[in-house]
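In what follows, chains are A, B, ... by sequence order, proteins preceding strands, each numbered from 1.
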Amino acid sequence: MHIPDKFLKPYNPRESEGVMYKKWEESGYFNPDNLPGERNEPFTVVMPPPNANGSLHAGHGLVFAIEDTMVRFQRMCGKKALWIPGADHAGFETQVVYEKELQKEGRSRFQMDPKELYDEIMEFTLGNKSFMENQIRELGASCDWSRALFTLDDRVIKTVYDTFKQLEKDALLYRGARSVNWCPKHQTSLANLETQHHDRTDKFYYFQYGPFVIGTARPETKFGDKYVVMHPEDKRYKEYEHGQKIEVEWINGPITATIIKDEAGDPDIGSGVMTITPWHSAVDFDIAKRHDLDYEQIIDWRGKLLPIAGEFAGMPITLAREKIVEKLDAKGLLVKIDDAYEHAVPCCYKCDREIEPQIREQWFIKMGPLAERALQAVDNREVEFVTKRDERVFRHWLENIEDWPIARQIVWGIPIPAKICTTCMHGMVDLDDSIKECAKCGGAVEHDPDTFDTWFSSGQWPLCTTGFPDSEDFTTYYPTSVMETGKDILFFWVARMIMLGLYRTGKVPFEKVYLNGMVRDGKGQKMSKSKGNVVSPLEISEKYGTDALRMALIVGNTPGTDINLDIQKVNAYKKFANKLWNISRFILTAVEEAYIQEQPSLSESDAEILHAFNEIVRDVTDDLNNFRYHLASEKIYQYVWHELADVILEESKALLQEEGDAKRSRQWLLYHLLTQSLKILHPFMPFVTEEIWQSLPVTDVDMLIVAPWPKG
RNA sequence: GGGCGUUUAGCUCAGUUGGCUAGAGCAACUCGUUUACACCGAGUAGGCCGGGGGUUCGAGUCCCUCAACGCCCACCA
């Protein structure tokens, strides 16, 4: 049979992929409304919206490979397959990226008008957004662009505001002075999840504090310490009574200290006595609250000492630490220094600067009831984890959940619709800007200057993308089928979506959770810009083809396990694409069109081959239905290369020399195996399979993307 | 401090409910350019499945224990 000239050259992904994606997009098949045939059962995946502040990284490559594979498979199986793309404004993340841009120009956000800054970041983000959307196309994602959503679209903001209001009504929202993680560089509070702990060895100082010896790693906070805490049962200090006042000589002269007996005092640590700094320690703050103690700010928002420090005022804490120790030593109050004190310090996850705990009025969401309902949903199997180990991690986190501080002191984000009383700091949710005075004290109010933690809005993403509460899509596609994303955002995102989805609708936002591991470099090292080992999926796709990249990411990659993106592996699948190309060339050359239309009666050996192939199809189908992409892809690869090409094609060469029924049977079989192999391979390697499909003389449908999945 | 996990060929990893004579890719070695493909083919070599104990007719797979490594969470006296 005559074959197209293109088969005379090796497969060239560069020539093919862009054209093919365009064809798919123009076919309208990414939108389930346009899919052929009667389709009743929906299959929905909401894409984790990539941050619109840069290029896609290898992790995105993996996420899109897996999601596209599942969506293409379900589409071929006759489902109303919907994959909803999006873009994330990524609040704090993007602001940090943009601040670096500003820095390059010698500018700073702290010298800018908030509105001006917001507009600039918006322009920056929208530019990145369209850039990034094209990258998603290059990776072959068959998502429905007509339903694409941006996390700052009006629809999202409306849903987020309604949820905020609802939380207030249900008494799940509160505002209070509490210890928060403050980043002195970025000038915002952060949730615990947004800090990372670093192990450090520091000096630990023992000072004479009146009759006691106290220990501390942070002398610079000790100015305001006027409470001495010890365990009520500690026999060493039984002569002291709770509330007793004593005079002690301290850093800047004599002060009056008060004895506090509290079980937080651990007799086994140091002398068993400690002084507390409630403003700069969450533990100390809890103690202070229990006993209704005073607290005072020692360190300002930028990490420098306040006037209470006297001669040390204005000093950054590290410098002040040494000077204070020198002074206490000079006064004879330094008892000893232990220089091998090991502890973990929380740092800003973006800049690594040490977090300074500060007391600040903040909005918090009471998470207990939300977590309880989420746990119930897991118990009832309303939501199931494909990666069982993550379910255990998830449960553990929910069982120990903390209230969620949702305000950030940055401009790039959704403004918090609230008024704050300038007199008593009382906060009131105000969606329509109607509150003019404080409901508590009648004082003047002003707009809350803060924005939402970006995860608060992302946590409602499945609602927003499906058009909650009253769109037709919401009825059809919610709850969605699978949430597939990186395991690193289990708490940040997946957990919040489950809780907020349940809270707003009573239903889980998705039925299955599939968490992929992290993509590492070829040697198993974590990719990072500073190491210079970051691999761009787009560059790989350009050089080796998207299909090869996808296979390298999927084959052998067990759910939840990290994968090394080895360029040699990519190359191996580039060769495989070409192998498939040549298999097609051979078969198209060998068969005659007249013999491939209808199935003839098969020779015994051909019937066996067909039987064996159908076995593979059933096996692979079962794998795909159970998220075993790593196995399905490998099985097809093995079959196509080492059975179809190495065995069947080779023995066909002789068979096809002879005329008669055997030849007729074999011709039909070869063509059948080709078309069916293309089908089962299509979810994994969409480009090369479609390219070949469109060159076939006889097919059941024009485009492979909507070809019916073989029965097996 | 708490939680989760990993350990299988030189390297990177599969191995689904216990049936395995333990597989793949890459790397290595030998041979082969007869028209699908050198982005190839035929073949070879390489493993007490981390150590120890147990359950079982049978364990890479289940249980206990030890060891090494990794990840996550966490209020820095």
### Query
Reckon A:Lys9 has a side-chain N or O less than 4.0 Å from the OP1 or OP2 of B:C37?
no
### B:U8 and B:G60, which share atom name P, separated by this distance in whole Å
15 Å
### Message
Does A:His642 reach a base, just sugar-phosphate, or nothing at all? Heavy atoms under 4.0 Å.
### Response
sugar-phosphate
### Query
Just checking, any donor-acceptor pair under 3.5 angstrom between side chains of A:Glu402 and A:Asn192?
yes
### Message
Protein within reach of the bases, or only the backbone? For nucleotides 2-19 of chain B, mark each nucleotide 5' to 3' as B, S or -, using heavy atoms under 4.0 Å.
### Response
SSSS------SSSSB---
### Message
If you take the centroid of each ring, where Trp contributes its six-membered ring, are A:Tyr209 and A:Trp250 closer together than 6.0 Å?
### Response
yes
### For atom CG of A:Asp521 and atom C1' of B:C26, their distance in whole Å
16 Å
### Query
Which part of the nucleic acid, if any, lies within reach of A:Ala645 when heavy atoms closer than 4.0 Å are counted: base, sugar-phosphate only, or nothing?
base
#### Entry: C1' spacing across the pair B:U34 / B:A38, given as an integer number of angstrom
15 Å
### Task
Write down the distance between CD (A:Gln525) and P (B:G70), rounded to a whole number of angstrom.
11 Å
### Length of the CH2-C1' vector between A:Trp641 and B:C26, whole Å
13 Å
#### Entry: Among B:C76, B:C75, B:C39, the one nearest A:Asn192 by side-chain distance
B:C75
### Query
Please give, in whole Å, the distance from B:C75 C1' to A:Asn400 CG?
14 Å
### Task
For A:Asn578 and B:C40, give me the distance from atom CG to atom P, rounded to whole Å.
8 Å
### Task
Tell me what A:Ile276 touches on the nucleic acid: a base, only sugar-phosphate, or nothing, going by heavy atoms under 4.0 Å.
nothing
### Query
If each of A:Arg520 and A:Phe586 is mapped to the nucleotide of RNA chain B with the nearest heavy atom, which maps nearer the 5' terminus, i.e. the 5' end?
A:Phe586
### Task
Answer with base, sugar-phosphate or nothing: what part of the nucleic acid does A:Lys487 contact at a heavy-atom distance below 4.0 Å?
nothing
### Message
Within the 3.5 Å criterion, strictly below it, is a donor on A:Asp262 or A:His231 matched to an acceptor on the partner's side chain?
### Response
no
### Summary
A:Phe491 has its side chain closest, among B:C73, B:C37, B:C76, to B:C73
### Message
Need the pair for B:A67. Rule: Watson-Crick or G-U wobble, both distances under 3.5 Å, any strand; none if unpaired.
### Response
B:U7
### Query
With a 4.0 Å cut-off on heavy atoms, is A:Ile587 in touch with a base, just the backbone sugar-phosphate, or nothing at all?
nothing
#### Entry: Inter-nucleotide C1' distance (B:G46, B:U30), Å rounded
15 Å
### Query
Do the numbers put A:Arg302 on top of the ring of A:Trp182, so that NZ or CZ is under 6.0 Å from the six-membered ring centre and no more than 45° off the axis?
no
### Query
Counting any heavy atom closer than 4.0 Å, what does A:Ala264 reach on the DNA or RNA strands: base, sugar-phosphate only, or nothing?
base
### Query
Atom CD1 of A:Ile692 to atom C1' of B:A36: distance rounded to whole Å?
12 Å
#### Entry: Pairwise P distance for B:U16 and B:U35, with rounding to whole Å
43 Å
### Query
With a 4.0 Å cut-off on heavy atoms, is A:Arg200 in touch with a base, just the backbone sugar-phosphate, or nothing at all?
nothing
### Message
I'd like to know whether A:Glu233 forms a salt bridge (Lys or Arg N to Asp or Glu O under 4.0 Å) with A:Lys261, so could you lay out the CA-CA distance, the side-chain angles of the two residues, the decisive distance to 0.1 Å, and finally the verdict.
### Response
CA-CA 9 Å; A:Glu233 303 300 317; A:Lys261 299 267 182 168; over 6 Å; no
### Task
Identify whether NZ of Lys or CZ of Arg in A:Arg178 sits under 6.0 Å from the centre of the six-membered ring of A:Phe285 and within 45° of that ring's axis.
no
### Message
Quick one, A:Arg200 with A:Glu354, criterion salt bridge (Lys or Arg N to Asp or Glu O under 4.0 Å). Give me CA distance, side-chain angles, the key distance, then yes/no.
### Response
CA-CA 12 Å; A:Arg200 280 222 321 241; A:Glu354 254 184 65; 2.9 Å; yes
### Message
If we count only N and O atoms by modelled type, under 3.5 Å, do the side chains of A:Lys222 and A:Thr275 hold a donor and an acceptor together?
### Response
yes
### Query
Contact class for A:Tyr341 vs. all strands (heavy atom < 4.0 Å): base, sugar-phosphate, or nothing?
sugar-phosphate
#### Entry: Euclidean distance for P, B:A45 against B:C64 (whole angstrom)
40 Å
## Note on the structure
B:G1 -> Watson-Crick or G-U wobble partner, both distances under 3.5 Å, gives B:C73
### Task
Mind calculating the distance between CG (A:Asp225) and C1' (B:C76) to the nearest angstrom?
14 Å
#### Entry: B:U65 and B:U44, which share atom name P, separated by this distance in whole Å
44 Å
### Query
Taking the six-membered ring for Trp, are A:Phe394 and A:Phe385 parallel (under 30°), tilted (30 to 60°) or perpendicular (over 60°)?
tilted
### Query
B:C75, B:C40, B:C26: which one has an atom nearest the side-chain heavy atoms of A:Gln568?
B:C26
### Query
For atom P, what is the distance between B:C69 and B:U56, given to the nearest Å?
35 Å
### Message
Using a 4.0 Å heavy-atom cut-off, does A:Asp646 contact any base of the nucleic acid, only the sugar-phosphate backbone, or nothing at all?
### Response
sugar-phosphate
### Message
Nearest whole Å is fine: how far is B:C26 P from A:Phe576 CZ?
### Response
12 Å
#### Entry: A:Glu650 (side chain) and B:A36 (base): donor-acceptor pair under 3.5 Å
yes
### Query
With both distances kept under 3.5 Å, what pairs with B:A24, Watson-Crick or G-U wobble?
B:U12
#### Entry: Selection from B:G25, B:A74, B:C40 that lies nearest to any side-chain heavy atom of A:Ala572
B:G25
### Message
Applying a 4.0 Å non-hydrogen cut-off, can you work out what A:Tyr573 is touching in the nucleic acid: base, sugar-phosphate, or nothing?
### Response
nothing
## Note on the structure
A:Gln638 has its side chain closest, among B:A24, B:C75, B:C26, to B:A24
### Task
Could you check whether A:Thr589 gets within reach of a base, just the sugar-phosphate, or nothing at all, counting any heavy atom under 4.0 Å?
nothing
### Query
Given that both distances must come in under 3.5 Å, which nucleotide forms a Watson-Crick or G-U wobble pair with B:C48?
none
### Query
When the aromatic ring centroids of A:Phe613 and A:Tyr639 are compared, is their separation below 6.0 Å?
yes
### Query
Does A:Arg392 make a cation-pi contact with A:Trp397 (under 6.0 Å, within 45 degrees of the axis)?
no
### Query
Using atom P of each nucleotide, how far apart are B:A14 and B:G50 to the nearest Å?
14 Å
### Task
Quick one: look up who B:U56 pairs with, Watson-Crick or G-U, both distances under 3.5 Å, and put none if it's unpaired.
none
